Amino acid sequence: MRTEDSTRGWPWRIHGDGKTIRPGEIVLPEERMTWPRTIGIGAQHVVAMFGATFLVPLLTGFPPSTTLFFTAIGTLLFLLITKGMMPSYLGSSFGLLAPIGAVTGFAATSGEKLESNAMALAQGGIISVGVTLALVGLVVHFAGVRWIEVTMPPVVTGSIVALIGLNLAPAAWGWVQEAPLTAVITIAAIIVSSVLFRGMLGRLSILIGVLVGYGAALIQGEVDFSTVATAAWVGLPTFHAPAFDLGYLGLFLPVVLVLVAENIGHVKSVAAMTGRDLDGLTGRALFADGLATTIAGAGGGSGTTTYAENIGVMAATKIYSTAAYFCAAIIALILSLLPKFGEIIATIPPGVLGGAATVLYGMIGLLGVRIWVENRVDFSNPINLNTAAVSLIVAIANYTWSPAGLEFAGIALGTASAIVIYQVMTLIARWRGTAPVPRSGAEAGEPEVTDRR
């Protein structure tokens, strides 16, 4: 691999003639095609992240336009902090769905307004995640990433990602019950489109499924357009001030571990595709995502993370130009300033959300399994087996613990269980020599994390 040097990604130089990419070539982060082509690729990145990014505010009741606004701002900050050398769009993080839902009650669907105090408290939780992630980024920047690999080996990382998705299952069922037929149509459309279409369309199966489900809901009279007619064409998104309650920290802070894994996975993915050693940018990426999440929480947007969908666009086009992501952020920013557009998105009814959530939450759970498989986690080893087994059941059953007015629920307790059980069993095994100590992904020569939301 070529080692990443101090060259900044801007001003971007033209790749070749700016019109063609010869076989075997790629457009590097510091390069770009002609501006019309670059803007077109940027628009493709917006489409790729659109369906998933908008599902998060719809599933939590947050304003869609506000979330889109902060993803655009966060992406611009990310490009600036990573010196224009790390191509990424910061879309909405699915990892925050469960803690936000625990605070708001998953009551908001179809654009229903959240109770103001509940939304403010959820924002406070998002800010706590962002600040903590930014601090982790600073530590990684100066101390390296090895300590994360030791603390969170593949069995722990996979367990945490899996338990977050599986903990959300009851929320999906609640929406499905409101419109079962629409939900089934949405699920079927997502499943079929993922294997029916090739290339980019196949990667947009969630967006296609939502559109098909929305059409079915329209036919059945389940869509309410009353708010669309009164919305302005141009205007600022709705901003909302946060509030803080230490009692909710236990719900949100475990998500930091997921965002760390996602960002490291993104850096490793881009490094593999561009043939560069980008480990030196890992700390910057974590800090940038933490800052973007903090700003989003402060104004009423969802937390952010890097997106696998955009990795797919880069892999398909061979264009890793950060100029394309700059264009994507500007396009998203413009769309966020169209209130009528945001209200149209908010009309997506519960049945469609329930169908999409069924697939989405299951995918999050199986991403954890994917980490186990890719890193060849050995479940015949009692350390790995007990780490995963206990943490998953704690999260799925939503165990709760309320000491001194603080409440720790399934995800927080499951995450703590995974880390503590693994570390304690490892110490005992080393002391007694009773079980082989599992190797980390780095020691085994396998990728520890993969890019995911």
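Source: prediction; values computed, not measured.
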dist S65:OG -> L338:CG (nearest 0.5 Å) comes out at 8.0 Å

Check whether T38 reaches the backbone of M33 with its side chain - one donor and one acceptor, N or O, closer than 3.5 Å. yes

Subject >> Audit row: V140, R284, side chain to side chain contact (heavy atoms under 4.5 Å, CB included) steps and yes/no >> reply: CA-CA 8 Å; V140 169; R284 288 176 176 270; over 6 Å; no

Here the gap from L181 atom CG to T186 atom OG1, rounded to the nearest 0.5 Å, amounts to 9.0 Å

In terms of heavy-atom contacts, C327 and I39 come closest through SG-CG1, 3.8 Å

query: Should T415 and S391 be marked as a side chain to side chain contact (heavy atoms under 4.5 Å, CB included) after you check the CA-CA gap, both sets of side-chain angles, and the distance that decides it?
result: CA-CA 7 Å; T415 298; S391 61; over 6 Å; no

**Exercise: do S116 and H240 side chains pair donor with acceptor under 3.5 Å** = yes

query: Is there a side-chain contact between T60 and T104 (heavy atoms, below 4.5 Å)?
result: no

Q. If we ignore angles and hydrogens, is there a donor and acceptor under 3.5 Å between the side chains of S321 and W12?
A. no

When every non-hydrogen atom of A395 is compared with those of N167, the smallest separation belongs to O-ND2, 2.7 Å

In this structure, OH of Y320 is separated from CE of M85 (nearest 0.5 Å) by 14.0 Å

Between R32 (side chain) and A323 (backbone), is there a donor-acceptor pair under 3.5 Å? no

* V270 versus H266: any side-chain heavy-atom pair under 4.5 Å? -> yes

Report task. Step through it carefully: locate the ring centre of F341, locate the ring centre of W233, and say whether they are under 6.0 Å apart. Result -> no

**Item:** Exercise: do T282 and N263 side chains pair donor with acceptor under 3.5 Å
**Value:** no

| message | Is there a side-chain hydrogen bond (donor to acceptor under 3.5 Å, both in side chains) between T71 and Y89? Walk through the geometry before answering. | response | CA-CA 8 Å; T71 66; Y89 192 95; 2.9 Å; yes

Here the pair of heavy atoms bringing Y214 nearest to I344 is OH-O, 4.1 Å

Original post:
Does the side chain of H45 come within less than 4.5 Å of M314's, by heavy atoms?
Top reply: yes

d(L413 CG, Y399 OH) to nearest 0.5 Å is 10.0 Å

Show your reasoning for whether side chain to side chain contact (heavy atoms under 4.5 Å, CB included) applies to S128 and L253. CA-CA 7 Å; S128 70; L253 290 184; 4.0 Å; yes

In this structure, CG of N384 is separated from CG of N375 (nearest 0.5 Å) by 10.5 Å

In short, Q123 meets G299 closest at the heavy-atom pair NE2-C, 3.9 Å

**Prompt:** Is there side-chain contact between P63 and P237, with heavy atoms separated by less than 4.5 Å?
**Reply:** no

Could you tell me if the side chain of M86 sits less than 4.5 Å from the side chain of V267, heavy atoms only? yes

N/O donor-acceptor pair under 3.5 Å between T34 side chain and K19 backbone
no

Validation row, ring centre F69 to ring centre F239 under 6.0 Å: yes

*Hey, are the side chains of I208 and I190 touching, using non-hydrogen atoms and a 4.5 Å cut-off?*
no

Here the gap from L76 atom CG to I330 atom CD1, rounded to the nearest 0.5 Å, amounts to 5.0 Å

**Q.** Check: A216 main-chain N/O paired with Q220 side-chain donor or acceptor under 3.5 Å
**A.** yes

Worksheet item: Just by modelled atom types, is the L333 backbone N or O under 3.5 Å from a matching donor or acceptor in the S336 side chain?
Response: yes

Closest non-hydrogen atoms of A122 and I100, given as atom of the first, atom of the second and distance, are CB-CG2, 4.2 Å

Just by distance, do the side chain of T182 and the backbone of A217 share a donor-acceptor pair under 3.5 Å? no

| query | Would you say L257 and I419 make side-chain contact, with heavy atoms under 4.5 Å? | reply | yes

Of all heavy-atom pairs linking A288 and F78, the shortest is CB-CD1, 3.6 Å

Next on the checklist: So F70 and S302, do their side chains get closer than 4.5 Å, heavy atoms only?
Outcome noted: no

Assess, by modelled atom type and distance only, whether the side chains of S88 and T306 contain a donor and an acceptor separated by less than 3.5 Å. no

* Kindly determine whether L121 and F244 satisfy side chain to side chain contact (heavy atoms under 4.5 Å, CB included), including the steps that lead there. => CA-CA 5 Å; L121 291 172; F244 299 90; 6.0 Å; no

Show, in sequence, the C-alpha distance, side-chain angles and deciding distance for T293 and T304, and conclude whether the side-chain hydrogen bond (donor to acceptor under 3.5 Å, both in side chains) test is met. CA-CA 5 Å; T293 295; T304 62; 3.2 Å; yes

